[in-house]
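Please read the structure below before turning to the comments.
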Amino acid sequence: MAASLDDFVLYVDHANHLTPLTLAYHATASRHLTSGRSDVIPPSTTVEIDSAYCPRSLTFCDVASALSGDGGCKDCPVCFSPVSISIDENVSGPASNGRLVCHYLCGYCQWSSRECGVTSNADKLLEYSTSNDTDASMEDDLEKQRGVAISDISRELYVCLQHRISEKNKDVDTLFNSIITIWAEREQEEQRRKRMNFGTTMMTQRDVDRGVNSWSREILEESLLEKRKAMDTLHISCKADFVRGHINLGDASGIPDNLPTSHQMAAQMSITAITPQSRSDLLPLPVNYRARVSRRCRAELAAGRTGILIKPKLNPLEGDTSLRTGHGQWWKKDSSALHVVPRVRVCRQGADYTCHKYAALLKVKNPTLNKIRLRLSGPLNSEVDKEDTKDTPAHPIDPRELQNILVNPFSESFVQGRLCSTDAMSSFTPTDFFVLEPADDPFLDVGKGKEGDPSEVRDWDAMAILGALDIGKTSKLRIVATMGDTAWIELVVFNTDTANDDISSDIAYTNVHLAVPLALQIEVGNGSWEAAGIPRRDIPAEDEDLVTLNIFALLR
């Protein structure tokens with residue numbers, strides 16, 4: 001089977017979550033991985049908002065300004081295109097608004113905020129007009145004053161928009177506050193009754209008229225029903241006034257032509273609580289800011305270290321070629337594991353379900369510019385590296401992690417897995433140590449002129465490997481070939497060590513992946529894995545300092 005874009009080799013983080021390597025992080029000098037997934041419990045990282053930016057203009061601001069919603073770009077409520085602030089002559093409006101008027105204008109459908117009454121007076125600009133007699137120095141001063149005036153006029157336009165929104169929400173806010181006030185009074189009465197140890201519930205005059213107690217679910221439902229009727233009455237009266245004022249005498253149906261669409265109504269309901277009845281009720285839509293966040297590892301924070309995994313730059317344009325400097329430098333810090341940790345992928349695989357046998361060819365690649373010395377073995381405890389694999393501890397993975405395994409974060413593809421038998425895990429013997437050369441980089445002439453895959457890899461066939469093995473054989477790991485920054489490892493798994501078991505047990509799981517736990521043991525020091533920045537432990541020089549990263553291979 002050819003390799004796909006899905007990651008069928010998952011890495012285990014410090015909280016025992018399965019995650020693709022593309023979503024994993026490796027903190028500086030850390031001996032474990034951290035998952036960047038936000039859908040796991042408990043989470044492995046903490047998220048901090050550093051700044052925010054507008055997706056329309058790419059202007060950035062601090063978090064407080066973004067939460068306040070002050071300023072920012074607006075969208076057209078009719079066609080949802082970006083609108084601009086325009087200052088034009090007041091030819092259609094009343095003369096009291098002045099000669100110049102500032103408003104929002106859509107360049108696509110020509111919608112203007114004049115329709116909904118969101119405008120501001122821009123006659124202040126007439127005071128800074130120039131003539132042919134104006135010299136250069138005075139013209140520069142007038143230009144600066146015009147810039148300040150335009151900024152003030154734009155701010156007044158935004159204040160007018162907020163005032164119109166608050167007017168539309170005023171009736172709803174009043175009803176909501178009245179409900180809060182009524183039930184606050186009922187709560188006080190109930191607390192007063194408890195303090196005085198009254199045997200019966202105290203009743204207000206309104207409750208006496210109703211003949212019910214002052215604290216019950218029925219009273220709450222009845223009050224909410226009354227408020228809902230009041231809202232419906234208000235809605236019907238507004239609609240009736242609109243129909244009487246805008247009805248077309250030539251139209252027999254009495255339905256106006258400028259009613260907003262369902263999408264426009266839904267967009268307006270995000271900023272107002274009153275349903276719009278015509279296009280004149282549509283207000284400009286705010287463009288939400290996008291946050292730029294940094295991540296920290298929870299395990300590193302608990303150990304008293306900073307644990308910064310990823311930290312963006314404040315300006316979203318930094319790193320782009322539009323600026324003079326910093327091309328390609330998008331982050332202040334990026335500790336993605338994809339740049340440091342060797343990547344293991346499934347190249348080819350095959351299975352014989354009748355004999356419970358699986359075979360796969362794993363490809364291990366070095367992403368760094370330094371050599372790495374490592375080996376693959378059966379599952380080990382990542383906190384205490386062990387040389388003896390005969391006494392393999394039980395893997396701490398939660399069985400619920402295997403129910404929905406994320407294998408492609410871009411298409412959000414999930415698969416289901418089942419853990420292989422304990423006998424299959426305990427029978428693995430570690431491979432010999434192999435060295436991965438620095439990653440191929442044609443710009444640095446590293447790996448230039450490299451040929452294709454070795455002949456051992458091209459001729460490798462899973463079914464031929466399985467056919468040549470007996471049922472009683474144990475699971476094994478074997479190095480097939482190494483070349484440059486890449487190594488190929490053969491993985492053979494016997495899911496059961498008894499030939500008399502029901503042969504249909506694996507056939508029933510043909511659509512479920514077999515999760516095989518492995519351990520990636522990387523040597524630290526002696527020129528190996530220097531890109532990780534992990535200090536060598538205080539052990540004898542002849543001993544190997546190994547960092548164990550648990551992984552899971554999904555086979556079918």
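Remember, it's a predicted structure, so these values are computed and weren't measured experimentally.
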- Any donor-acceptor pair under 3.5 Å linking the side chain of Thr368 with the backbone of Asn370? yes

- Task: Kindly say whether Leu376 contributes a backbone atom to a donor-acceptor pair with the side chain of Thr431 at under 3.5 angstrom?
- Result: yes

- Taking Asn169 for the side chain and Ile271 for the main chain, is one N or O donor matched with an acceptor at less than 3.5 Å? yes

- Closest non-hydrogen atoms of Ala519 and Gly378, given as atom of the first, atom of the second and distance, are CB-O, 3.1 Å

- Any sub-3.5 Å donor-acceptor pair from Trp529's side-chain atoms to Val340's backbone N or O? yes

- Message: Quick check: closest heavy atoms across Thr22 and Pro409, and the distance to 0.1 Å?
- Response: OG1-CG, 3.5 Å

- Note on the structure: salt bridge (charged side-chain N to carboxylate O under 4.0 Å, His left out) with Asp50: of Arg296, Arg295, Arg292, Lys311, only one passes, and it is Lys311

- Using a 4.5 Å cut-off on heavy atoms from C-beta on, say whether the side chain of Phe428 contacts that of Leu518. yes

- Query: Under the 3.5 angstrom rule, does the side chain of Gln264 hit a backbone N or O of Val78 as a donor-acceptor pair?
  - Reply: yes

- Side-chain donor or acceptor of Thr19 paired with backbone N/O of Tyr11 under 3.5 Å: no

- Ser426 side-chain N/O to Asp423 backbone N/O, donor-acceptor pair under 3.5 Å: yes

- Item | Pair Asp543 + Arg537, salt bridge at N-O below 4.0 Å | no

- Taking 4.0 angstrom as the limit, do Arg375 and Asp432 come out as a salt bridge? no

- Query: Do any N or O atoms from the side chain of Ser528 and from the backbone of Arg373 form a donor-acceptor pair under 3.5 angstrom?
  - Reply: yes

- Query: What is the minimum heavy-atom distance between Trp460 and Ile465, and which atoms define it?
  - Reply: NE1-CG1, 3.8 Å

- For His32, the option from His17, His14, His26 that meets ring pair (Phe, Tyr, Trp, His ring centres under 6.0 Å): His14

- Query: Under 3.5 Å, side chain of Gln349 to main-chain N/O of Ala462, donor-acceptor pair present?
  - Reply: no

- Message: Taking the ring centre of each residue, are His339 and Trp331 less than 6.0 Å apart?
- Response: no

- Message: Less than 4.0 angstrom from a charged side-chain N to a carboxylate O is my criterion; do Asp13 and Arg298 meet it?
- Response: no

- Taking the side chain as every heavy atom from C-beta outward, state whether Phe8 and His513 have any pair of such atoms under 4.5 Å apart. yes

- Counting N and O atoms only, with roles assigned by atom type, does the side chain of Thr486 sit under 3.5 Å from a partner on the main chain of Lys365, one being a donor and the other an acceptor? no

- Note on the structure: On a heavy-atom basis, the closest approach of Pro284 and Pro77 is CA-CD, 4.2 Å

- Message: Can you confirm whether Pro55 sits close enough to Val287 that some side-chain heavy atom of one is under 4.5 Å from a side-chain heavy atom of the other?
- Response: yes

- Task: Would you name the heavy atoms of Ala360 and Val346 that are closest together and state the gap between them?
- Result: CB-CG1, 4.5 Å

- Query: Which atom pair, heavy atoms only, marks the closest approach of Lys371 to Gly527?
  - Reply: CG-O, 3.5 Å

